[in-house]
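Note on naming: letters A, B, ... go to the chains in the order of the sequence lines (proteins, then strands), and numbering restarts at 1 for each one. What you see is a predicted model, and the numbers here were worked out from it, not measured in a lab.
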Amino acid sequence: MALRKIVLSEDEMPRQWYNILADIKMNPPLGPDGNPVSPDALAPVFPMNLIEQEVSSERWITIPEPVMEVYRIWRPSPLVRAINLEKALDTPARIYFKNEGVSPPGSHKPNTAVPQAYYNKVFGIKRITTETGAGQWGSALSFACSQFGLECKVFMVRISFDQKPYRKTMMGVWGGKCIPSPSMETKAGRDVLAQYPDTPGSLGIAISEAVEAAVSDTTGQTRYSLGSVLNHVMLHQTVIGLEAKNQLAKVGEYPDIIIGCAGGGSNFAGTAFPFVLDKINGKNIEIFPVEPAACPTLTQGPFVYDHGDNAGYTPLLPMHSLGHNFVPAPFHAGGLRYHGMAPTVSQLVNEGLLEAKAVSQLEAYEAGLIFARSEGHIPAPETTHAIAQVVKEARRAKEEGKEKVILFNWSGHGCLDLGAYEKFLAGELTNPIFTEEEKVKAAEAFKNYPRPANLKSR
Amino acid sequence: MESVDPSIRCPRLGSDVPFYYCRKCGENGLPCFKVFDCWWEIFDVVAYLRDELSPVDFERLKGTKPKEKVLSLLEIIEKAKKNASEPPAQ
Ligand SMILES: Cc1ncc(COP(=O)(O)O)c(C=O)c1O
């Protein structure tokens, strides 16, 4: 009988996070005056203990016991051998995934939300503000704040707020207050609403509101929290990779390939950084952060989709969205552009320790279905990007006839993202094949901006 | 063929958005910096925006490189401090 789940006992959990800043050189961000930004400048929004972590170069940082206690609600998370996926792909590769969807809010986000809430608490903070898009981060922070008796206020971008009512409810269940942004609660929000009452909002506005709500508390008891990109967030997420390493060691395995989807970079970094340390020390590993597909340049030619279908899992995708004649206008964006990505991840890409990969929306959903129909769990749309790359690597291993070990992070479940799957199943994502006539019509329609017809008015 | 405004998943928000959102949600009302990466699969967004935007704005969008998170946070903090010190208008 092949072993499927590799579990650690609670007392085998890592006791320290791994800090990559001990092992790579980073240039500090320079302020407008050309001098390095002083960490103190962040004090209006973060407690000092977290700012110290942000700039720390200690290699190992002890996880405080109260954080361990909350982690134990769902950690250690299982490492799963994806036997059925391997069969579906008919690959000689052995595929393992770290299931971070088992946390209460359903993703890896609480790995950092919990310590952030804890450090705010011990610093004497009573209230945390943040922004959220579709709500994964807002839910995680609401859960974490509830564990430490903190108030949580989440500014959720209006367009997502209207689409994902259950996320607001989820935050509310944990005592978090979720407000559509722009709101009347801040000057930043009021100014936008005065000018554009029907605005769908944006992440930029929501961040401004969350920061303003924190700095305007004259008692000094409110701080702001960020769910990705910053060094301390990457640090907290390394619990994923450290656990995975122990779990693989239990079955005598070590990965040849490591894959994670990368938005701000946190779940990817958390999985990969403990292995990057080994790579720096000479291990031969391929490590791939995966982004949504970038606009191809003419030199690359049109994006080529791979619909290799070994197990009959892909009947839904007869062709890619643009038909086979589509060639986008020449445009040179310089490959993957790591906009908004964690500086540590960008740095490692620049140094060649990581190799960025891109997959398209359709490839991602297709991979999500292959996974759900083989392994059962329904992945979050972000996670499907990682899976799409896993599928490619598994097929490459088959072509090369190599028994590679692939580790990837299953960053969250998609049970609150079913709308996206519904569209995909209905074929809507597969057929925006614009005829020439439709293209003209689309151009006309887009000209009429703003046209927020599909927003609910409240 | 009624619907000519398909929505796609925004990787920054994690929910679906129609093109008009991406067209305006960037800095200073410019399109989002990821607009090319997201929409090229659906229609020829590069050609479309080249027509729609002024050459200066198009070049600016093409070359957009957002500030490092810490730097943009510092700017937002400064602005928020100013906002917070102004009494709410009634
Ligand atoms: C399930 C899931 N995976 C991945 C991400 C991407 O974030 P990051 O790159 O910081 O891990 C998100 C962000 O909301 C998410 O909800």
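- For the side-chain contact (heavy atoms from CB on, under 4.5 Å) with B/E68, the qualifying choice from A/P28, A/S346, A/P343 is A/P343, the only one to do so.
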Evaluation steps, side-chain contact (heavy atoms from CB on, under 4.5 Å), between B/K24 and A/Y196: CA-CA 12 Å; B/K24 286 282 175 182; A/Y196 310 103; over 6 Å; no
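- Atoms OG and CD, on B/S7 and A/Q163 in that order, are 7.0 Å from each other to the nearest 0.5 Å.
- Just one of A/V229, A/V37, A/V211 meets the side-chain contact (heavy atoms from CB on, under 4.5 Å) condition when paired with B/L73; it is A/V211.
- Looking at B/I77, both its backbone and its side chain come within 4.5 Å of chain A, counting heavy atoms on both sides.
- With respect to chain A, the highest number of heavy-atom pairs below 4.5 Å among B/G14, B/S72, B/C10 belongs to B/G14.
- For B/K79, no part sits under 4.5 Å from any heavy atom of chain A, backbone or side chain.
- Listed here is the closest heavy atom pair of A/L203 and B/Y21: N-OH, 4.0 Å.
- Shortest non-hydrogen contact noted between A/A188 and B/N83 is N-ND2, 3.7 Å.
- Pairing each heavy atom of A/K423 with each of B/D16, the nearest pair is NZ-OD2, 3.1 Å.
- For a residue to count as touching a neighbouring chain, one of its non-hydrogen atoms must lie under 4.5 Å from one of that chain's; by this rule A/P29 touches chain B with backbone and side chain alike.
- For chain B, no part of A/D217 is nearby; none of its heavy atoms comes within less than 4.5 Å.
- Looking at heavy atoms from C-beta onward, A/L42 lies in side-chain contact with B/L74 at the 4.5 angstrom threshold.
- Put simply, of A/K164, A/E382, A/Q136, the one with the most heavy-atom pairs under 4.5 Å next to chain B is A/E382.
- Within 6.0 Å of CG on A/D40 lie more than 12 heavy atoms contributed by other residues, nucleotides or ligands.
- Here the CD atom belonging to B/E27 is positioned 10.0 Å from the OG atom belonging to A/S202, to the nearest 0.5 angstrom.
- Among A/L226, A/D191, A/T132, A/T186, the residue with the largest count of heavy-atom pairs under 4.5 Å with chain B is A/L226.
- Proximity to chain A involves both the backbone and the side chain of B/I76, based on heavy atoms less than 4.5 angstrom apart.
- Here CD of B/E86 is found 12.5 Å from OG of A/S216. Values are rounded to the nearest 0.5 Å.
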